Asks: 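Structure incoming, see below.
Bear in mind that the values here come from a model prediction, so they are computed numbers and not experimental data. Note that these values count all heavy atoms, side chains included, but never hydrogens, waters or copies made by symmetry.
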Amino acid sequence: MNPLAFTIPLAPGTIAPLEVISRFGKHDYTLMSLLESRVRLIPDKEFIVFEGRSLSYAEVWREVLATAQALAARGVKQGDRIGVISPNHPMTVFTFFALAHLGAIMVSVNADYGIEEVRYVFNHAGVSGVIAAPEALERAQAACAAMSPLPWFTLNQPGAGGVPQLRAEPAPADIAAPAGAAAPDATVILVYTSGTTGFPKGVMHSQKTIVLAGEGFVQRMYLQPDERVMCILPMFHINAVFYSLTGSLAAGATLILEPRFSASRFWEVAHATRATEVNTIAAAAGILMRRPRSEYRHGHSLRKMFGAPFDDETYRVFRDEFNMPHVIEGFGMSEIPGALNNPFAGERRVRSMGKPSTHPDPEIKLTEVKIIDDDGNTVAPGTIGELAVKTPTILQGYFRDPEQTKAAFRDGWFLTGDLAWYDADGYYWFVARKKDIIRKRGENISGAELDRVIGNHPAVLEAAAIPVPADLGEDEILVAVVLREGQSATAQDIADWCRKHLTAIKVPRYVTFVATLPHTPTHRVEKFKMRQDKNLRERAVDLSS
């Protein structure tokens, strides 16, 4: 056996994933049908817990219908895109299902986005309305000020600014559903993810995609009906929507919805809410590992954690110190959520992406994976190539970007842009990214976007951002800067410029001033050469110091 591989027996009484989802009967692969099937069987069971408030499946159903009525009264119709900018909140869940019922589309963005970032997404999506948290309203209004027609604005909770809430009263017990236009293949969400062009791409997913991804997550983590899934990641992220929310719903489980990830309160919340499972990212896991052990709460109920990438130390700390036996690594992208995972009921291999994901129902084929060379030929085990995927949970395409959509596929296979290899036992192993993407705290950050923004600094002639290994896993940002002749700037000046124009997560940790950057004959920066130059980091100013 691989010394970094292990198997953990299932706990006595564990219900098989197929049995978990089958007890609810059939649905039509729309989100409302999935929710309704759970409401029929377990109406009084706790579905959402948020800041001490508990909502049953029946209560969530009524809140969704009331939200659908409010949106319909606003004129929302089939195909409309509605922007959402807010930390995690039950109203985002209600809005998501209500839009699904109406055949409309949710466009949720990072609640910490700056005006320019919000402007690009909401303008590109062509949102007709925006639902905002009070603290994000002013940014959203400024971002959409030049749109024509101007979107309507409403709040998801009480707040100032003269803008009303979408809904201010609880849903009545006898609420009726407005006319709907839900369909399994209808686009229901746009997930904006950074691309190599420097502009985010709108990943389109259907209702059926999300339903299948949620049911697949029941298989991936052996979610049980009594599971209490702790959601610490934001709901503009596929992890929160496709895994935590829809996985909980598919299992008939309970979702513990946290507004934001708080490392200092993590164990307190987990203990108080009796959470049993959590979905995370490497950076969050790394932060928890390095927090004072005085924050840890003995007697917590967490037993399962899903995320990636995890190293030997992550497994050791969470299994041995934090008493969480089931640490499951996987691989997914906004375009292909839940593509691979280490088997819950089988051998798990540390640092592996795992095997192609399966659905609880063996009649439903979920994921096919292969490694190909530059000519599209499948390579042998142990050979590095590009990871290509086929799955029914795949994106429908990039919104308003047929060229990028076409470029993302070869002979029906989605090209991930990631280099990987597979072993003789069918486990896949990540090597590196082909694309100019920096992965920081679970977010894809476009190097091209950073190059463009920093290049706009008055003192900067040219800039190039690359990933360097982070202390907590994933990447940190290093930017190499060439100054204009006669101009001067400090590393702090570059960081301040980024803070002014970008989200905080995109501010580089390292800044190196160089005389020139390596270029191709067509003057493209050869970032692969920069990644190989260890002197760049050694010479850099570390802004975290």
Asks: Does NZ or CZ of Arg38 fall inside the cone over Phe47's six-membered ring, less than 6.0 Å from its centre and within 45° of the axis?
Replies: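 Here Arg38 fails the 6.0 Å and 45° test against Phe47.
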Asks: Does any N or O in the side chain of Arg81 come within less than 3.5 Å of the main-chain N or O of Ala125, such that one atom is a donor and the other an acceptor?
Replies: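 Such a contact is found between Arg81 side chain and Ala125 backbone.
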Asks: Counting N and O atoms only, with roles assigned by atom type, does the side chain of His205 sit under 3.5 Å from a partner on the main chain of Pro337, one being a donor and the other an acceptor?
Replies: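 No.
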Asks: Could you tell me whether Glu403 and Lys406 make a salt bridge, using a distance below 4.0 angstrom between a side-chain N and a carboxylate O?
Replies: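 No.
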Asks: Out of curiosity, Leu71 CG to Leu102 CG, how far, rounded to the nearest 0.5 Å?
Replies: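 Those atoms lie 6.0 Å apart.
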Asks: Between Asn341 and Ser357, is there a side-chain donor-acceptor contact under 3.5 Å, judged purely by atom types and distance?
Replies: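 The criterion, which ignores hydrogens and geometry beyond distance, is satisfied for Asn341 and Ser357.
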Asks: Measure the shortest side-chain to side-chain distance between Leu35 and Tyr57 over non-hydrogen atoms and say whether it is less than 4.5 angstrom.
Replies: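 In contact.
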Asks: Measure from the side-chain N and O atoms of Thr405 to the backbone N and O of Gly397, and report whether any donor-acceptor pair falls under 3.5 Å.
Replies: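 Side chain of Thr405 to backbone of Gly397, a donor-acceptor pair under 3.5 Å: no, none is there.
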Asks: Do any N or O atoms from the side chain of Ser54 and from the backbone of Val49 form a donor-acceptor pair under 3.5 angstrom?
Replies: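 No; judged by distance alone, with no hydrogens or angles, the pair does not exist.
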Asks: Nearest 0.5 Å please: distance from the OH atom of Tyr192 over to the CZ atom of Phe236.
Replies: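 Rounded to the nearest 0.5 Å, the OH-CZ separation comes out at 14.5 Å.
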Asks: Donor-acceptor check, side chain of Lys304 to backbone of Tyr222, threshold 3.5 angstrom: yes or no?
Replies: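 The answer is yes, because a donor-acceptor pair under 3.5 Å joins these two groups.
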Asks: Under 3.5 Å, is there a donor-acceptor pair between the Thr30 and Gln207 side chains?
Replies: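 Result is no, nothing qualifies.
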Asks: Is the backbone of Leu212 close enough, under 3.5 Å, to the side chain of Thr393 for a donor and an acceptor to pair up by distance?
Replies: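 Not confirmed, Thr393 side chain does not pair with Leu212 backbone.
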Asks: Which distance, rounded to the nearest 0.5 Å, do you find between the CG of Asn239 and the CG of Asn279?
Replies: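 That separation rounds to 5.0 Å.
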Asks: Classify the ring geometry between Tyr243 and Phe217 as parallel (under 30°), tilted (30 to 60°) or perpendicular (over 60°).
Replies: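 Judged by the thresholds at 30° and 60°, the geometry between Tyr243 and Phe217 is parallel.
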Asks: So, Ser33 versus Asp28: side-chain donor-acceptor pair below 3.5 Å or not?
Replies: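 Yes.
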Asks: Under a 4.0 Å N-O cut-off, is there an ion pair linking Lys506 with Glu443?
Replies: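 Result for this pair is no, no salt bridge flagged.
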Asks: So does Glu135 have more than 12 non-hydrogen atoms from other groups sitting under 6.0 Å from CD?
Replies: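 Yes, because the 6.0 Å sphere around CD of Glu135 holds more than 12 heavy atoms from other groups.
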Asks: Please check: side-chain N/O of Glu215 versus main-chain N/O of His359, any donor-acceptor pairing under 3.5 Å?
Replies: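 No, because the side chain of Glu215 does not come within donor-acceptor range (under 3.5 Å) of the backbone of His359.
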Asks: Say you draw a straight line from NE2 of His237 to OG of Ser334; how long is it, rounded to the nearest 0.5 Å?
Replies: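 So the NE2 of His237 and the OG of Ser334 are separated by 7.0 Å.
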Asks: What's the separation between atom NE2 in His326 and atom CZ in Phe318, rounded to the nearest 0.5 Å?
Replies: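 Rounded to the nearest 0.5 Å, the NE2-CZ separation comes to 15.0 Å.
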Asks: Verify, without hydrogens or angle tests, whether Glu258 (side chain) and Arg260 (backbone) share a donor-acceptor contact under 3.5 angstrom.
Replies: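 No, because the side chain of Glu258 does not come within donor-acceptor range (under 3.5 Å) of the backbone of Arg260.
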Asks: Looking at Glu227 and Ala253, what are the two nearest heavy atoms and their distance?
Replies: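 Here Glu227 and Ala253 meet closest at O-CB, 3.3 Å.
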Asks: Please determine, by modelled atom types, if Arg228 and Thr273 share a side-chain donor-acceptor pair under 3.5 angstrom.
Replies: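 The answer is no; no qualifying pair exists.
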Asks: Quick one: does Arg23's side chain have a donor or acceptor within less than 3.5 Å of a partner on Glu19's backbone?
Replies: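 No: the side chain of Arg23 does not pair with the backbone of Glu19.
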Asks: Kindly indicate, with the supporting measurements, whether the criterion side-chain contact (heavy atoms from CB on, under 4.5 Å) is fulfilled by Met204 and Leu395.
Replies: CA-CA 6 Å; Met204 301 186 292; Leu395 79 163; 5.9 Å; no
Asks: Using modelled atom types and a 3.5 Å cut-off, is there a donor and acceptor pairing between side-chain atoms of Glu268 and backbone atoms of Arg297?
Replies: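 Not a single qualifying donor-acceptor pair exists.
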Asks: Can you tell me how far apart CD1 (Ile505) and CD1 (Ile445) are? Round to the nearest 0.5 Å.
Replies: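 Going from the CD1 atom of Ile505 to the CD1 atom of Ile445 covers 4.5 Å.
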Asks: With side-chain contact (heavy atoms from CB on, under 4.5 Å) as the criterion, how do Val60 and Phe94 come out once you've worked through the C-alpha distance, each side chain's angles and the decisive distance to 0.1 Å?
Replies: CA-CA 7 Å; Val60 170; Phe94 307 155; 4.2 Å; yes
Asks: Could you label the plane-to-plane angle of the His124 and Tyr120 rings as parallel, tilted or perpendicular, counting under 30° as parallel and over 60° as perpendicular?
Replies: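 Taking Tyr120 first and then His124, their aromatic rings lie parallel (interplane angle under 30°).
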Asks: Answer with yes or no after comparing the ring centroid distance for Tyr296 and Phe322 against a 6.0 Å cut-off, counting only values under it.
Replies: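 Yes, close enough.
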